[in-house]
Trainee: 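Below are the structure tokens for one structure; questions will follow.
Letters A, B, ... mirror the listed sequences (proteins, then strands); counts begin at 1.
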Amino acid sequence: MTLSPVCRLAPSPTGYMHIGTARTALYNQLFAKRHHGKFLLRIEDTDRERSTPEATQAIFDGLTWLGLHWHGEPVMQFSRAPRHAEVAHQLVKEGKAYFCYCSPEELAEMREEQKNAGQPMRYDGRWRNRSADEAPAGVKPVIRIKAPQEGETVVIDAVLGEIRVKNEQLDDMILLRSDGTPTFHLSVVVDDADMGITHVIRGNDHMTNTFRQLQIYHAMGWKEPVYAHLPMIVNDQGQKLSKRHGAVGVRDFAKMGYLPEALRNYLLRLGWGHGDDEIISDEQAAAWFNLEGISKSPARFDYNKLNALNAHYLQLADNVRLSELIKDFMPTAPSSEDTQRIIKGMASLKSRAKTLVELAEGAKVYCLAQPLIYDEKAKAVLDAATVEMVKKLAERFATVNDWLAPALEECVRNFADENSLKLGKIAQPLRAALTGTTVSPPIFEVAEILGRDVSLKRLHAL
RNA sequence: GUCCCCAUCGUCUAGUGGCCUAGGACACAGCCCUCUCACGGCUGUAACACGGGUUCGAAUCCCGUUGGGGACGCCA
């Protein structure tokens with residue numbers, strides 16, 4: 001690549017930030033990084049009805065949380081409306097676009113007739129060659145492009161290859177609405193051209209838009225960008241991911257306890273491959289990412305794999321960082337002493353968790369809420385005879401000098417030998433007594449971290 | 001309805017005419033490790049949608065069928 005690429009993410013701020021948008025952002029950012037180019041952000045807020053500042057903020061927040069940084073100030077598309085109108089009028093002057101005075105009702109009627117007749121639903125060009133004198137009074141016209149009616153439009157897509165469509169299939173799309181505001185196609189092309197975008201990497205739902213957008217490039221004599229259309233992310237039914245069927249917002253994944261680095265790795269591999277590599281660091285991703293590796297077919301979102309990846313990145317994550325992150329997932333904030341215990345026990349805790357939610361759950365052992373609550377399984381373990389035994393063990397514990405896991409383990413092993421018991425026969429009741437549960441990190445480690453006083457207190461509380 | 005795109009284990013994928021009795025990862029099952037649960041290690045189940053070609057040879061190329069997805073707005 002001789003010139004460094006300029007990529008962009010162009011989401012419309014009409015709600016939350018979709019996970020598919022996040023992946024598109026990742027691919028754009030990686031591609032730009034790989035080739036030392038730029039990754040720009042443009043907020044497509046020309047739909048004044050649906051665009052909200054909150055949704056715009058959600059996009060900034062989502063990208064920031066994911067660790068995807070864009071270059072420079074985001075472009076707010078609506079602010080460029082005058083420029084878009086200017087281009088539309090220029091095309092009219094050059095005879096490449098024209099005014100159309102059809103009412104929305106008239107167009108709807110036309111489509112209805114076409115549909116009933118089994119015809120393709122397309123604008124029939126009824127104003128293409130009429131002069132403005134025929135304009136009905138009081139009707140504000142739209143501007144339509146005078147699209148070529150013969151030949152074909154060809155897209156060379158970096159993912160899909162060459163795609164051709166006959167121009168007769170395309171109609172004269174609206175460039176400028178009757179209120180003078182630009183439509184999507186016009187603003188996208190004008191902005192991409194003005195921003196110097198060289199590579200348009202976007203969702204496959206834009207594939208068929210490309211033909212129309214190319215016509216604007218051709219009319220204006222602008223150099224067209226390289227296109228790369230990404231396969232959709234679909235749900236387990238194979239359909240477009242939508243809010244009706246579960247989580248789709250980046251924020252939802254944060255709330256479910258996923259780490260941004262895990263989501264990045266997951267999204268990277270969802271629709272792109274590099275041999276047999278599965279765990280891919282940010283550095284490797286930036287060095288390896290290429291358009292050739294993008295797959296053509298839609299990819300299903302799979303929580304199992306995301307969970308596995310998240311578990312992996314949890315292992316790699318810094319213990320103090322994790323102790324901070326799990327606070328959002330705990331009913332009450334742990335005290336500073338509890339937090340210290342959690343950090344000490346984190347190595348064992350995190351190997352047992354797939355998400356921050358599970359990690360927070362596990363960390364509860366070190367949060368000293370009194371009295372200790374025993375779950376059903378723990379109660380079952382602690383029958384009367386067993387409680388007697390544990391109390392005897394507690395007396396032994398009181399004599400342990402170094403309150404450290406190895407010493408405690410030795411103490412319990414000796415106790416077990418003396419009573420001809422298997423270690424498990426004592427360790428499990430000990431676990432139940434110390435944690436109120438039957439599942440925890442290694443119990444001697446838990447006892448060590450809990451400390452002598454707390455541990456003995458819990459044993460005596462039986 | 002019209003147009004466009006897609007098609008390898010349940011899922012994500014490797015594979016670009018012989019290296020494929022199709023590889024990896026996740027999930028699943030079993031075993032080992034083990035104080036519980038995990039981690040880890042080992043083993044296993046499991047796929048080229050179908051039908052025609054082309055070729056000495058096809059998961060790989062071509063055509064068709066079927067199935068899936070997307071687009072057809074004065075939304076983006």
Trainee: Distance check, P atoms only: B:A71 and B:U11, in whole angstrom units.
Mentor: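 My reading of the P atoms in B:A71 and B:U11 gives 23 Å.
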Trainee: Would you classify A:Arg269 as touching base, sugar-phosphate or nothing, given that sugar-phosphate means primed atoms plus P, OP1 and OP2, and contacts are heavy atoms under 4.0 Å?
Mentor: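 The answer is base, as A:Arg269 lies within the cut-off (heavy atoms under 4.0 Å) of a base atom.
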Trainee: With a 3.5 Å limit on both atom pairs, tell me what B:G1 is paired to, counting Watson-Crick and G-U wobble, or say none.
Mentor: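 Result: B:C72.
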Trainee: In the structure shown, which nucleotide is the Watson-Crick or G-U wobble counterpart of B:C39, with both distances under 3.5 Å?
Mentor: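 Across all strands, not a single nucleotide pairs with B:C39.
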Trainee: Between B:A25 and B:U21, how far apart are the two C1' atoms, rounded to whole Å?
Mentor: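 Between the two C1' atoms, the distance is 22 Å.
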Trainee: Do A:Phe301 and A:Tyr266 pass the ring-ring contact (aromatic ring centres under 6.0 Å, His included) test, and can you show the C-alpha distance, the side-chain angles, and the key distance before you say yes or no?
Mentor: CA-CA 10 Å; A:Phe301 198 92; A:Tyr266 179 70; 5.1 Å; yes
Trainee: Now, which nucleotide makes the Watson-Crick or G-U wobble pair with B:G44, with each of the two distances under 3.5 Å?
Mentor: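 Its partner is B:C28.
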Trainee: List in chain and number order the residues that pass side-chain hydrogen bond (donor to acceptor under 3.5 Å, both in side chains) with A:Asp417, two or more places apart in sequence or in another chain; answer none if no residue qualifies.
Mentor: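 Once residues adjacent in sequence are excluded, A:Asp417 has no partner under the side-chain hydrogen bond (donor to acceptor under 3.5 Å, both in side chains) criterion.
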Trainee: May I have the list of side-chain donor-acceptor pairs in residues 346-354 of chain A shorter than 3.5 Å, sequence neighbours left out?
Mentor:
from: A:Ser348; atom 1: OG; to: A:Glu445; atom 2: OE1; distance (Å): 2.6
from: A:Ser348; atom 1: OG; to: A:Glu445; atom 2: OE2; distance (Å): 2.9
from: A:Lys350; atom 1: NZ; to: A:Gln315; atom 2: O; distance (Å): 3.1
from: A:Lys350; atom 1: NZ; to: A:Ala317; atom 2: O; distance (Å): 2.8
from: A:Lys350; atom 1: NZ; to: A:Asn319; atom 2: OD1; distance (Å): 2.7
from: A:Ser351; atom 1: OG; to: A:Ser348; atom 2: O; distance (Å): 3.2
from: A:Arg352; atom 1: NE; to: A:Ser348; atom 2: O; distance (Å): 2.9

Trainee: A:Asp191 and side-chain hydrogen bond (donor to acceptor under 3.5 Å, both in side chains): which partner among A:Arg8, A:Arg80, A:Arg83?
Mentor: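 Testing each of A:Arg8, A:Arg80, A:Arg83 against A:Asp191, the sole residue satisfying side-chain hydrogen bond (donor to acceptor under 3.5 Å, both in side chains) is A:Arg80.
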Trainee: Do the side chains of A:Asp302 and A:Lys305 get close enough for a salt bridge, i.e. N-O under 4.0 angstrom?
Mentor: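 Salt bridge: no.
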Trainee: Summarise how protein sits on nucleotides 71-76 of chain B as a single string, 5' to 3': B when a protein heavy atom is under 4.0 Å from the base, S for sugar-phosphate-only contact, - for no contact.
Mentor: SSSBBB
Trainee: Is any N or O donor-acceptor pair between the side chain of A:Lys305 and the base of B:C12 shorter than 3.5 Å?
Mentor: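 Result: at least one qualifying N/O pair found.
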Trainee: Please name all residues satisfying side-chain contact (heavy atoms from CB on, under 4.5 Å) with A:Ala55, sequence neighbours left out, ordered by chain then number.
Mentor: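 For A:Ala55 the side-chain contact (heavy atoms from CB on, under 4.5 Å) partners, ignoring immediate neighbours, are A:Pro13, A:Thr52.
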Trainee: How far, in whole Å, is B:C26 from B:G67 if one measures between their C1' atoms?
Mentor: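 B:G67 and B:C26 have their C1' atoms separated by 26 Å.
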Trainee: Could you check which of B:U13, B:U11, B:C6 has an atom nearest any side-chain atom of A:Ser295?
Mentor: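 My answer, after comparing the listed nucleotides, is B:U13.
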Trainee: Specify the glycosidic conformation (syn or anti) of B:C63, with syn defined as within 90° of 0.
Mentor: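 The base of B:C63 is oriented anti (glycosidic angle more than 90° from 0).
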Trainee: Do A:Ser187 and A:Arg42 have side-chain atoms, one donor and one acceptor, less than 3.5 Å apart?
Mentor: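 Note: A:Ser187 and A:Arg42 side chains miss the donor-acceptor criterion.
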Trainee: Scan side-chain atoms only and decide if A:Arg177 and A:Thr181 contain a donor-acceptor pair under the 3.5 Å cut-off.
Mentor: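 Side chains of A:Arg177 and A:Thr181: pair found under 3.5 Å.
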Trainee: Checking all strands, does A:Gly271 fall into the base, sugar-phosphate, or nothing category for heavy-atom contacts under 4.0 angstrom?
Mentor: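 Answer is sugar-phosphate: A:Gly271 comes under 4.0 Å of backbone atoms only.
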Trainee: What's the gap between B:C4 and B:A14 when it is taken at their C1' atoms, as a whole Å value?
Mentor: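 The answer is 28 Å between these two C1' atoms.
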Trainee: Taking only residues two or more places apart in sequence, or in another chain, which ones meet A:Tyr374 in a ring pair (Phe, Tyr, Trp, His ring centres under 6.0 Å)?
Mentor: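 A:Tyr374 satisfies ring pair (Phe, Tyr, Trp, His ring centres under 6.0 Å) with no residue once adjacent residues are dropped.
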Trainee: Indicate for each nucleotide in nucleotides 33-45 of chain B, in 5' to 3' sequence, whether protein heavy atoms under 4.0 Å reach the base (B), only the sugar-phosphate (S), or nothing (-).
Mentor: --BBBBS------
Trainee: Any strand counts, and the cut-off is 3.5 Å on both contacts for Watson-Crick or G-U wobble. Which nucleotide pairs with B:C20?
Mentor: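 Per the H-bond distance test, none.
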Trainee: Which base, if any, makes a Watson-Crick or G-U wobble pair with B:C33, both distances under 3.5 Å?
Mentor: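 No nucleotide pairs with B:C33.
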Trainee: Can you tell me the pairing partner of B:C61 across any strand shown, Watson-Crick or G-U wobble, with both distances under 3.5 angstrom?
Mentor: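 When the pairing criteria are applied, B:G53 turns out to be the nucleotide that pairs with B:C61.
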Trainee: For B:U45 and B:G10, measure between their C1' atoms and round to the nearest Å.
Mentor: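 Nearest-Å result for B:U45 against B:G10 at atom C1': 12 Å.
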